[in-house]
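Reading through the C-alpha coordinates given below for one structure.
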Amino acid sequence: MMLFGKISQQLCGLKKLPWSHDSRYFWGWLNAVFNKVDHDRIRDVGPDRAASEWLLRCGAMVRYHGQERWQKDYNHLPTGPLDKYKIQAIDATDSCIMSIGFDHMEGLQYVEKIRLCKCHYIEDGCLERLSQLENLQKSMLEMEIISCGNVTDKGIIALHHFRNLKYLFLSDLPGVKEKEKIVQAFKTSLPSLELKLDLK
(Lines give C-alpha, C1' and ligand atoms only; values in the text may rest on other atoms or scores of the structure.)
Protein backbone atom coordinates (compact mmCIF):
# COMPACT_ATOMS: atom_id res chain seq x y z
CA MET A 1 0.00 0.00 0.00
CA MET A 2 2.74 2.50 0.94
CA LEU A 3 4.66 1.82 -2.24
CA PHE A 4 1.52 2.30 -4.35
CA GLY A 5 0.80 5.65 -2.69
CA LYS A 6 4.33 6.92 -3.39
CA ILE A 7 4.20 5.76 -7.00
CA SER A 8 0.79 7.37 -7.62
CA GLN A 9 2.05 10.67 -6.12
CA GLN A 10 5.11 10.60 -8.36
CA LEU A 11 3.00 9.83 -11.42
CA CYS A 12 0.60 12.68 -10.60
CA GLY A 13 3.64 14.98 -10.40
CA LEU A 14 4.76 13.84 -13.84
CA LYS A 15 1.41 14.83 -15.34
CA LYS A 16 2.35 18.48 -14.91
CA LEU A 17 5.30 18.14 -17.27
CA PRO A 18 4.86 18.97 -20.97
CA TRP A 19 4.20 15.82 -22.96
CA SER A 20 3.59 14.99 -26.58
CA HIS A 21 0.07 14.47 -27.88
CA ASP A 22 0.66 10.68 -27.96
CA SER A 23 1.23 10.52 -24.20
CA ARG A 24 -2.39 11.65 -23.61
CA TYR A 25 -3.52 8.09 -24.38
CA PHE A 26 -1.12 6.69 -21.79
CA TRP A 27 -2.41 9.06 -19.09
CA GLY A 28 -6.00 8.27 -20.03
CA TRP A 29 -5.26 4.58 -19.65
CA LEU A 30 -3.44 5.09 -16.34
CA ASN A 31 -6.27 7.22 -14.95
CA ALA A 32 -8.75 4.53 -15.97
CA VAL A 33 -6.67 2.02 -13.98
CA PHE A 34 -6.74 4.33 -10.92
CA ASN A 35 -10.54 4.61 -11.26
CA LYS A 36 -11.25 0.89 -11.68
CA VAL A 37 -13.79 -0.37 -9.18
CA ASP A 38 -12.86 -3.41 -7.10
CA HIS A 39 -16.17 -4.68 -5.71
CA ASP A 40 -14.39 -7.29 -3.58
CA ARG A 41 -12.39 -4.52 -1.92
CA ILE A 42 -15.57 -2.54 -1.21
CA ARG A 43 -17.11 -5.65 0.36
CA ASP A 44 -13.98 -6.39 2.44
CA VAL A 45 -13.22 -2.93 3.84
CA GLY A 46 -16.52 -1.10 3.47
CA PRO A 47 -17.61 1.73 1.18
CA ASP A 48 -15.97 4.62 3.04
CA ARG A 49 -12.51 3.03 3.18
CA ALA A 50 -12.68 1.84 -0.45
CA ALA A 51 -13.90 5.26 -1.63
CA SER A 52 -11.13 6.96 0.37
CA GLU A 53 -8.53 4.77 -1.31
CA TRP A 54 -9.99 5.52 -4.75
CA LEU A 55 -10.22 9.28 -4.19
CA LEU A 56 -6.72 9.64 -2.76
CA ARG A 57 -5.28 7.38 -5.46
CA CYS A 58 -6.75 9.81 -8.01
CA GLY A 59 -5.36 12.91 -6.26
CA ALA A 60 -8.46 14.03 -4.32
CA MET A 61 -8.81 14.66 -0.58
CA VAL A 62 -11.40 13.52 1.95
CA ARG A 63 -12.48 14.75 5.36
CA TYR A 64 -14.05 12.36 7.81
CA HIS A 65 -17.07 13.04 9.99
CA GLY A 66 -16.01 14.68 13.26
CA GLN A 67 -12.55 15.68 11.99
CA GLU A 68 -11.19 19.05 10.88
CA ARG A 69 -8.14 17.79 8.99
CA TRP A 70 -8.26 16.81 5.32
CA GLN A 71 -6.83 13.40 4.48
CA LYS A 72 -4.68 13.65 1.35
CA ASP A 73 -1.88 11.13 1.79
CA TYR A 74 -2.77 7.64 0.63
CA ASN A 75 -0.05 6.19 2.87
CA HIS A 76 -1.55 7.77 5.99
CA LEU A 77 -5.13 6.61 5.67
CA PRO A 78 -6.38 5.94 9.19
CA THR A 79 -6.47 2.41 10.49
CA GLY A 80 -8.78 0.89 13.04
CA PRO A 81 -12.37 -0.30 12.94
CA LEU A 82 -13.66 -0.19 9.38
CA ASP A 83 -16.87 1.59 10.32
CA LYS A 84 -15.18 4.36 12.34
CA TYR A 85 -14.24 6.76 9.52
CA LYS A 86 -17.16 8.07 7.47
CA ILE A 87 -16.49 10.47 4.58
CA GLN A 88 -18.19 13.81 5.17
CA ALA A 89 -16.50 15.96 2.50
CA ILE A 90 -14.64 15.40 -0.77
CA ASP A 91 -12.31 17.88 -2.46
CA ALA A 92 -11.46 16.57 -5.91
CA THR A 93 -9.45 19.61 -7.04
CA ASP A 94 -7.05 18.67 -9.86
CA SER A 95 -7.90 15.00 -9.47
CA CYS A 96 -8.32 12.38 -12.17
CA ILE A 97 -11.63 10.94 -10.94
CA MET A 98 -13.85 9.79 -13.79
CA SER A 99 -17.23 8.18 -14.31
CA ILE A 100 -16.00 4.58 -14.19
CA GLY A 101 -14.92 5.14 -10.58
CA PHE A 102 -18.19 6.58 -9.33
CA ASP A 103 -19.49 3.17 -8.24
CA HIS A 104 -17.15 3.67 -5.26
CA MET A 105 -19.59 6.28 -3.98
CA GLU A 106 -22.66 4.06 -3.98
CA GLY A 107 -22.48 3.07 -0.29
CA LEU A 108 -21.46 6.46 1.12
CA GLN A 109 -24.13 7.72 3.52
CA TYR A 110 -22.59 10.77 5.19
CA VAL A 111 -21.16 12.90 2.36
CA GLU A 112 -22.36 16.48 2.81
CA LYS A 113 -19.98 18.43 0.58
CA ILE A 114 -18.28 17.79 -2.77
CA ARG A 115 -15.91 20.18 -4.55
CA LEU A 116 -15.09 19.44 -8.20
CA CYS A 117 -12.46 21.90 -9.40
CA LYS A 118 -10.34 21.49 -12.54
CA CYS A 119 -11.46 17.89 -12.96
CA HIS A 120 -10.77 17.21 -16.62
CA TYR A 121 -12.64 13.90 -16.69
CA ILE A 122 -15.83 15.15 -15.02
CA GLU A 123 -18.67 15.38 -17.52
CA ASP A 124 -22.46 15.38 -17.52
CA GLY A 125 -22.65 11.62 -17.09
CA CYS A 126 -20.66 11.86 -13.85
CA LEU A 127 -23.03 14.44 -12.38
CA GLU A 128 -26.05 12.43 -13.52
CA ARG A 129 -24.58 9.31 -11.88
CA LEU A 130 -23.88 11.18 -8.64
CA SER A 131 -27.39 12.61 -8.52
CA GLN A 132 -28.90 9.12 -8.91
CA LEU A 133 -27.20 7.74 -5.79
CA GLU A 134 -29.95 7.51 -3.18
CA ASN A 135 -27.68 8.04 -0.19
CA LEU A 136 -26.22 11.22 -1.70
CA GLN A 137 -29.69 12.46 -2.60
CA LYS A 138 -30.37 12.56 1.15
CA SER A 139 -27.00 13.63 2.57
CA MET A 140 -25.62 16.24 0.13
CA LEU A 141 -25.75 19.82 1.46
CA GLU A 142 -23.07 21.72 -0.49
CA MET A 143 -21.50 21.41 -3.91
CA GLU A 144 -18.99 23.43 -5.90
CA ILE A 145 -18.21 22.86 -9.57
CA ILE A 146 -15.39 25.02 -10.91
CA SER A 147 -13.42 24.92 -14.17
CA CYS A 148 -14.73 21.54 -15.33
CA GLY A 149 -14.80 22.13 -19.08
CA ASN A 150 -16.84 19.05 -20.04
CA VAL A 151 -19.85 19.94 -17.88
CA THR A 152 -22.90 21.39 -19.62
CA ASP A 153 -26.39 22.53 -18.61
CA LYS A 154 -27.58 18.92 -18.73
CA GLY A 155 -25.21 17.82 -15.96
CA ILE A 156 -25.97 20.83 -13.76
CA ILE A 157 -29.75 20.38 -14.07
CA ALA A 158 -29.36 16.76 -12.89
CA LEU A 159 -28.21 18.04 -9.48
CA HIS A 160 -31.80 18.95 -8.57
CA HIS A 161 -32.11 15.35 -7.31
CA PHE A 162 -30.02 16.34 -4.26
CA ARG A 163 -33.18 17.25 -2.39
CA ASN A 164 -31.41 18.63 0.71
CA LEU A 165 -28.84 20.70 -1.19
CA LYS A 166 -28.45 24.10 0.51
CA TYR A 167 -25.54 25.65 -1.44
CA LEU A 168 -24.38 25.29 -5.05
CA PHE A 169 -21.49 27.30 -6.53
CA LEU A 170 -20.83 27.18 -10.29
CA SER A 171 -17.85 28.96 -11.83
CA ASP A 172 -15.88 28.93 -15.08
CA LEU A 173 -18.00 26.33 -16.87
CA PRO A 174 -17.83 27.20 -20.58
CA GLY A 175 -20.19 24.34 -21.48
CA VAL A 176 -23.00 25.88 -19.44
CA LYS A 177 -24.89 28.14 -21.83
CA GLU A 178 -28.40 28.70 -20.45
CA LYS A 179 -27.82 30.37 -17.10
CA GLU A 180 -31.39 31.63 -16.68
CA LYS A 181 -32.83 28.19 -17.39
CA ILE A 182 -30.65 26.74 -14.62
CA VAL A 183 -31.70 29.45 -12.16
CA GLN A 184 -35.38 28.80 -12.89
CA ALA A 185 -34.99 25.02 -12.68
CA PHE A 186 -33.43 25.23 -9.22
CA LYS A 187 -35.93 27.85 -8.00
CA THR A 188 -38.68 25.39 -8.85
CA SER A 189 -37.08 22.16 -7.61
CA LEU A 190 -35.00 23.47 -4.64
CA PRO A 191 -36.50 26.79 -3.52
CA SER A 192 -34.28 27.07 -0.41
CA LEU A 193 -31.04 26.52 -2.39
CA GLU A 194 -28.41 29.28 -2.30
CA LEU A 195 -27.22 29.27 -5.91
CA LYS A 196 -24.08 31.27 -6.71
CA LEU A 197 -23.03 31.68 -10.33
CA ASP A 198 -19.79 33.00 -11.75
CA LEU A 199 -20.46 32.10 -15.37
CA LYS A 200 -19.93 34.03 -18.59
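Keep in mind the model is a prediction, meaning the values are calculated, not measured. The analysis underlying the following values was restricted to heavy atoms, covering all of them including side chains, and did not include hydrogens, waters or symmetry mates.
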Self-check item: Residues Arg49, Glu53; criterion salt bridge (charged side-chain N to carboxylate O under 4.0 Å, His left out); working and verdict
Solution: CA-CA 6 Å; Arg49 174 65 188 216; Glu53 291 174 357; 2.9 Å; yes
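- Taking every heavy atom of both residues into account, Tyr74 and Arg57 meet most closely at CD1-N, 3.9 Å.
- Remark: Leu193 CG to Thr188 OG1 distance equals 12.0 Å, nearest 0.5 Å.
- The SG atom of Cys117 sits 7.5 Å away from atom CG of Asp91, with the distance rounded to the nearest 0.5 Å.
- With values rounded to the nearest 0.5 angstrom, Lys72 atom NZ is found 11.5 Å from Thr93 atom OG1.
- Closest of all the heavy-atom pairs between His104 and Lys36 is CE1-O, 3.5 Å.
- Looking only at side-chain heavy atoms (C-beta outward), Asn135 and Leu108 stay at 4.5 Å or farther from each other.
- Residues Ile87 and Val37 do not share a hydrophobic cluster, clusters being chains of Ile/Leu/Val/Met/Phe/Trp/Tyr side chains in contact below 4.5 Å.
- Between Met105 and Leu133 the shortest side-chain heavy-atom distance falls below 4.5 Å.
- Following chains of ILVMFWY side-chain contacts shorter than 4.5 Å, one can reach Leu199 starting from Val151, so the two form part of one hydrophobic cluster.
- Cluster membership check: Met98 does not share its hydrophobic cluster with Ile146, using side-chain heavy-atom separations under 4.5 Å among Ile, Leu, Val, Met, Phe, Trp and Tyr.
- Between Ile42 and Ala50 the shortest heavy-atom distance is CG1-CB, 3.6 Å.
- The shortest side-chain heavy-atom distance between Ile156 and Val176 falls under the 4.5 Å cut-off.
- For Phe186, the ring pair (Phe, Tyr, Trp, His ring centres under 6.0 Å) criterion is met by no residue, not counting sequence neighbours.
- Residues forming a side chain to side chain donor-acceptor pair (under 3.5 Å) with Glu123 (at least two apart in sequence, or on another chain): none.
- In plain terms, the two heavy atoms of Leu165 and Leu159 that are nearest each other are CD2-O, 4.5 Å.
- Atoms CG and OG, on Leu136 and Ser131 in that order, are 9.5 Å from each other to the nearest 0.5 Å.
- Applying the ring-ring contact (aromatic ring centres under 6.0 Å, His included) test to residues at least two apart or on different chains, none of the pairs has a partner in residues 136-173.
- For Glu106, the salt bridge (charged side-chain N to carboxylate O under 4.0 Å, His left out) test picks out Arg129, with sequence neighbours left out.
- Proximity of Ser99 to Tyr121: side-chain heavy atoms (C-beta onward) are nowhere separated by under 4.5 Å.
- Contacts of His39 classified as side chain to side chain donor-acceptor pair (under 3.5 Å), with partners at least two apart in sequence or in another chain: none.
- Contact of the Ile145 side chain with the Leu173 side chain is registered, since non-hydrogen atoms from C-beta on lie closer than 4.5 Å.
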Self-check item: Residues Gln132, Leu127; criterion side chain to side chain contact (heavy atoms under 4.5 Å, CB included); working and verdict
Solution: CA-CA 9 Å; Gln132 292 166 358; Leu127 299 181; over 6 Å; no
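- Side-chain contact of Ser52 with Tyr64: a donor-acceptor pair under 3.5 Å is present, judged by distance alone.
- Between Trp54 and Phe102, the ring-plane angle classifies as perpendicular under the 30° and 60° cut-offs.
- Note on residues 169-189: no pairs pass salt bridge (Lys or Arg N to Asp or Glu O under 4.0 Å), not counting sequence neighbours.
- Contact record, Leu190 with Arg163: CD2-O, 3.6 Å, taken as the closest heavy-atom pair.
- Within the 4.5 Å cutoff, the side chain of Asp198 has no heavy atoms near those of the Leu170 side chain.
- Among residues two or more places apart in sequence or in another chain, the salt bridge (charged side-chain N to carboxylate O under 4.0 Å, His left out) test is passed with Lys154 by Glu128.
- The salt bridge (Lys or Arg N to Asp or Glu O under 4.0 Å) pairs that include a residue from residues 77-89 are Asp48-Lys86, where partners are two or more places apart or lie in different chains.
- Under a 3.5 Å cut-off, the side chain of Asp124 and the backbone N or O of Thr152 do form a donor-acceptor pair.
- For the atom pair Leu55 CG and Leu77 CG, the distance stands at 10.0 Å (nearest 0.5 Å).
- Residues Ile97 and Ala92 approach most closely at CD1-CB, 3.7 Å, considering heavy atoms.
- Gln88 has its side chain out of reach of Val111: every pair of non-hydrogen atoms, C-beta onward, lies at least 4.5 Å apart.
- Every residue was checked against the side chain to side chain donor-acceptor pair (under 3.5 Å) condition with Gln71, not counting sequence neighbours, and none meets it.
- There is no path of hydrophobic side-chain contacts, each under 4.5 Å, that joins Val45 to Tyr110.
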Practice problem: May I have the step-by-step check of salt bridge (charged side-chain N to carboxylate O under 4.0 Å, His left out) for Arg41 and Asp44, ending in yes or no? | Solution: CA-CA 5 Å; Arg41 181 73 177 157; Asp44 292 345; 5.9 Å; no
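- With side-chain heavy atoms closer than 4.5 Å counting as contact, directly or through intermediates, the hydrophobic cluster containing Trp70 also holds Met61.
- Put simply, the side chain of Lys166 reaches to within 4.5 Å of the side chain of Ser192, judged on heavy atoms.
- Evaluation of the salt bridge (charged side-chain N to carboxylate O under 4.0 Å, His left out) rule for Lys196 yields Glu194 as partners, not counting sequence neighbours.
- For Ser139, the side chain to side chain donor-acceptor pair (under 3.5 Å) test picks out no residue, with sequence neighbours left out.
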